[in-house]
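Each remark here refers to the structure printed beneath this line.
Lettering of chains follows the sequences in order, A, B, ..., and the numbering in each one begins at 1.
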Number of protein chains: 2
Amino acid sequence: MSSTSSPGRGRPARLDRSGTVDTALELLDSLGLDDLTMRRLADSLGVRAGALYRHFATKRDLLTAMAERMLADIPAPRADGDWEERLAGLARAMRTALLAHRDGARVYAGTHSTGAHTLRFSDTVTGVLREAGFADEDAARALMAVVNFTVGHTLEEQAALRPGDEGTADPEPLRQAVESGTFHHLVAALPTLTSTDFTAHFEFGLRLLVHGLRALRESGTQRDPGGV
Amino acid sequence: MSSTSSPGRGRPARLDRSGTVDTALELLDSLGLDDLTMRRLADSLGVRAGALYRHFATKRDLLTAMAERMLADIPAPRADGDWEERLAGLARAMRTALLAHRDGARVYAGTHSTGAHTLRFSDTVTGVLREAGFADEDAARALMAVVNFTVGHTLEEQAALRPGDEGTADPEPLRQAVESGTFHHLVAALPTLTSTDFTAHFEFGLRLLVHGLRALRESGTQRDPGGV
DNA sequence: ACCTGAACACCGTTCAAGT
DNA sequence: ACCTGAACACCGTTCAAGT
């Protein structure tokens, strides 16, 4: 169970930043974000809540460190494939990293990490686009568009999958409201909207973004055709 | 000020669902989501916290009603313009509705409303796409892609604008980390990434999605060319 | 019928005091 | 130097009792 440094015999020599984040992520997976408290985390570490504040100025600080750690799971992108496939691969890797932890997207969306993993990911995405010939400004905006879509999608995906409270896993109230009303376009869309094939939903949106970027690239700067 | 039923003379006849949501949105604007508590809302209504539970089973229920009310501000779409302009207009209207309240995107993202305004908005977007010739499944997936991007973007926009805690309004730590490291692609993107012209960022992503949909429409079903 | 009072079981955070 | 104990100022939610 105890994974990292100093398994501890007599005095546990307990708290360090990295190990605390590990335990916090395990607790997140078993309890969910709403039940992850500083007190419960302290219990898991064999310590009182106040001791956590020697390593994290605030709970938000802890959550930021957790978000940053989640992005560490993103593997370095394979160098093969064209820019479209590499960009899509990076977006998929981000979704996968967020899905890897319960409420992962909520944790990520609620923080603003500027850690090394976050910067590395942003740098990689920007690099794929710049090397494909996109202007710096377009590369930056494309990064934001892809990340914002991915976070928005995964937020929705994890919200829909959790047993929550009302009408999420159970589409009955929505179905009823739709069929009784005048929302006939929505009725046609319902089978897809209530589908749980979130990968298909994600791929659809991702394809739209990539297509849009391809069109922008072809209409814009067509300098350096061919090349690497 | 008192809008709905029974303005009340002697005894305020105080609580009703609709007025409570109004007051909650006002309180949200002045305090922010983190400081919006059931007790403070009760104070604003001249009532004790327990009384709120006669109208809302839970705080989450209240927040869902607030999210639903926010979408009521979305005006009916103008009938002029082609499907691309109408779709873009609806996405812009949603962003505007979320921006209209402090932490609006966070409130919306944290809930799962199936109220009339949410359904009407979804029905309208789906209708624009179906009438443009998209298959039901594509219309549904396009709705989700546009909404998820819009929510993700606005979440980011409101997070960046709030005076928060660390390195959000102040890009110094990020700038330093970037310049000291080997993230040279990110350095090129920095001026755009730290720009506060969020409308430009939003429009860029929205254009990508619309371009992608146009390509899909032209490659896919080209039945019923011309005509309304 | 609708609200109050009071409680239950918690929170995040701080800080003197111990070791 | 690092952690405990104990407190401060709160939370969301429930429910008997009042009116």
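Contact between the side-chain N/O atoms of Thr58(A) and the OP1/OP2 oxygens of dT13(C) is found at a separation under 4.0 Å. For dC3(D), neither phosphate oxygen OP1 nor OP2 lies less than 4.0 angstrom from any side-chain nitrogen or oxygen of Arg48(A). Taking only side-chain nitrogens and oxygens, Arg40(B) never comes nearer than 4.0 Å to OP1 or OP2 of dC10(D).
Nucleotide dG18(C): paired with dC2(D) (Watson-Crick or G-U wobble, both distances less than 3.5 Å). Across all strands shown, dA7(C) forms a Watson-Crick or G-U wobble pair with dT13(D), both key distances being under 3.5 Å.
Remark on DNA chain D: of its neighbouring residues Gly46(A) and Ala51(B), the 5'-side contact belongs to Gly46(A), judged by nearest-heavy-atom nucleotide.
Atom-to-atom, CG of Leu15(B) to P of dA1(C) comes out at 17 Å; the value is rounded to the nearest Å. Going from atom CZ of Arg17(B) over to atom P of dC2(C) covers 14 Å, rounded to whole Å. Counting to the nearest Å, the P atom of dT13(D) and the OH atom of Tyr53(B) are 4 Å from each other. Protein atom CG of Leu52(B) is 13 Å distant from nucleotide atom C1' of dC2(C), rounded to whole Å. Here the P atom of nucleotide dC11(D) and the CG atom of Asp34(A) are 17 Å apart, to the nearest Å. Distance Arg39(A) CZ to dC11(C) P: 6 Å, rounded to the nearest Å. His55(A) has its NE2 atom 16 Å from the C1' atom of dT13(C), to the nearest Å. Computed from coordinates, the Asp43(B) CG to dG12(D) P distance equals 12 Å when rounded to whole Å.
Out of dT13(C), dC11(C), dT4(C), the shortest distance to the side chain of Ala49(A) is found at dT13(C). Closest to the Val47(A) side chain, of the nucleotides dC3(C), dC3(D), dG12(D), is dC3(D). Distances from the side chain of Met38(B) to the nucleotides dG12(C), dG12(D), dT4(D) place dG12(D) closest. Nearest to the side chain of Thr37(B), among dG5(D), dT13(C), dG12(D), sits dG12(D).
Rounded to whole Å, the separation between the P atoms of dC10(C) and dA9(D) comes to 22 Å.
For the residue pair Ser44(B)/Thr23(B), the side-chain donor-acceptor check at 3.5 Å is not satisfied.
Between His201(B) and Phe198(B), the gap from one ring centroid to the other is short of 6.0 Å.
Applying side chain to side chain contact (heavy atoms under 4.5 Å, CB included) to Thr64(A) and the options Val107(A), Thr111(A), Thr58(A), Thr114(A) leaves one that passes, Thr111(A).
Between Phe56(A) and Val21(A) the shortest side-chain heavy-atom distance falls below 4.5 Å.
Using the six-membered ring where Trp is involved, His153(A) and Phe149(A) have ring planes that are tilted, between 30° and 60° apart.
Residue-level contact check: Arg54(A) touches the bases, meaning some heavy atom is under 4.0 Å from a base atom.
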